[in-house]
There are 2 protein chains.
Amino acid sequence: MKKEVPDWIGQVDPCEANCPSRDILDLIGDRWSLLLLLVIAQGVHRNGALKRRIGGISQKMLTQTLRALEASGLVERRDFQTVPPHVEYHLTALGASLGEALTPLFGWIEREFDAVVAARAAFAGRHAV
Amino acid sequence: MKKEVPDWIGQVDPCEANCPSRDILDLIGDRWSLLLLLVIAQGVHRNGALKRRIGGISQKMLTQTLRALEASGLVERRDFQTVPPHVEYHLTALGASLGEALTPLFGWIEREFDAVVAARAAFAGRHAV
DNA sequence: TAGGGTAGGAACCAAAAGTGTAGTACGCAC
DNA sequence: GTGCGTACTACACTTTTGGTTCCTACCCTA
């Protein structure tokens, strides 16, 4: 029983066409979801605050992404039913566990971002001559 | 110095508009990159084999994504300069380290996929009444 | 000599994603 | 009573993404 693939492959073969994880990858791969998860975990809970904090997100995408996260059970929407409206978004246990699973990824980004930028510059140099 | 945010937040504040990690998130968030990273790590190295393996990817997206990964220094393209063409794609050290950073994410997907599906069903139930 | 495999490039088109603007309905401060 | 803030929704619009199809150029097999 030799190991011909790296350790991190695990049992997640599922990434073929019918793979269930496609849905998850779609969810987290939509540019805003991870950011939102991050800032909500940082303690920003309200619509307006999230929008100001993230910078670049439109109200539409904010609402849409929050709904998607809520629908997947990653954040909880608490509507205080007041007027003017007061709504807060909090991570669920599931959302927090996903956050934990993403720790190494954020760490990698912090550590290796420079390497990626350098690689891109080198690549551009090789191909733009 | 109290901790008011979860451990996994780290120092990655960067996810604001000007944040460098946006580029990385864009890269890995494009539906095919992670899959490609995964199957290359599993030992599938050639264009045709990758296309057959992943199922659902078009030649265009395959090439495009491979170029993006190559440009970012995550995979290496080895062209054997033969005819008919023979090209192999391998992970670089950087690509392999990203793979390792993604281990917990794949693990989370495996563990929690059912929970997400259940949450979605519940949400749909609540909102489709 | 026709067809399949090798690894792509280019052009075109459809679909999806995302943006901006406007409007709802009300409270509060000036 | 004017305008800002709260949390949205709806519509039209543009941009991006991805898919399809056709093309190169050569090898091997039947």
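All chains are named by letter (A, B, ...) in the order of the sequence lines, taking the proteins before the strands, and each is independently numbered beginning at 1. Please read all numbers here as calculations on a predicted model, not as lab measurements.
Within the nucleic acid shown, B/Asp79 has no heavy atom closer than 4.0 Å to any nucleic acid atom.
Contact footprint of chain A on DNA chain D: nucleotides with an atom under 4.0 Å from a non-hydrogen protein atom, first to last in 5' to 3' order, D/dG5 to D/dT9.
In this structure, the CG atom of B/Asp26 is 13 Å from the C1' atom of C/dG18, given to the nearest Å. Computed from coordinates, the A/Leu62 CG to C/dA17 P distance equals 17 Å when rounded to whole Å. Between B/Met61 atom CE and C/dA15 atom P there is a gap of 17 Å when expressed in whole angstrom units.
Checked against salt bridge (charged side-chain N to carboxylate O under 4.0 Å, His left out), A/Arg77 has the following partners two or more places apart in sequence or in another chain: A/Asp79. Applying the salt bridge (charged side-chain N to carboxylate O under 4.0 Å, His left out) rule to B/Arg78 yields the partners B/Glu76; only residues at least two apart in sequence or on another chain are considered. Taking the side chain to side chain donor-acceptor pair (under 3.5 Å) definition, one finds that A/Arg46 meets it with nothing, sequence neighbours left out. Evaluation of the salt bridge (charged side-chain N to carboxylate O under 4.0 Å, His left out) rule for B/Glu88 yields no partner, not counting sequence neighbours. A search for side chain to side chain donor-acceptor pair (under 3.5 Å) contacts involving B/Thr63 returns B/Gln59, not counting sequence neighbours. Annotation: side chain to side chain contact (heavy atoms under 4.5 Å, CB included) contacts of A/Ser33 (sequence neighbours excluded): A/Leu27, A/Asp30, A/Thr65, A/Leu69. Annotation: salt bridge (charged side-chain N to carboxylate O under 4.0 Å, His left out) contacts of B/Asp114 (sequence neighbours excluded): none.
Annotation: ring-ring contact (aromatic ring centres under 6.0 Å, His included) contacts involving residues 26-46 of chain B, sequence neighbours excluded, comprise B/His45-B/His90. Sorted by first then second residue, the ring-ring contact (aromatic ring centres under 6.0 Å, His included) pairs that include residues 61-86 of chain A, not counting sequence neighbours, are A/Phe80-A/His86.
Annotation: the terminal axes of the helix from C/dT1-D/dA30 to C/dC30-D/dG1 meet at 10°, where each axis is the rotation carrying the C1' atoms of four end pairs onto the next four (5 pairs per end, rounded to 10°).
There is a path of hydrophobic side-chain contacts, each under 4.5 Å, that joins A/Phe113 to B/Leu98.
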In 5'-to-3' order, the base (B), backbone-only (S) or no-contact (-) status of each nucleotide in nucleotides 5-10 of chain C, using a 4.0 angstrom heavy-atom cut-off, is BBSBS-
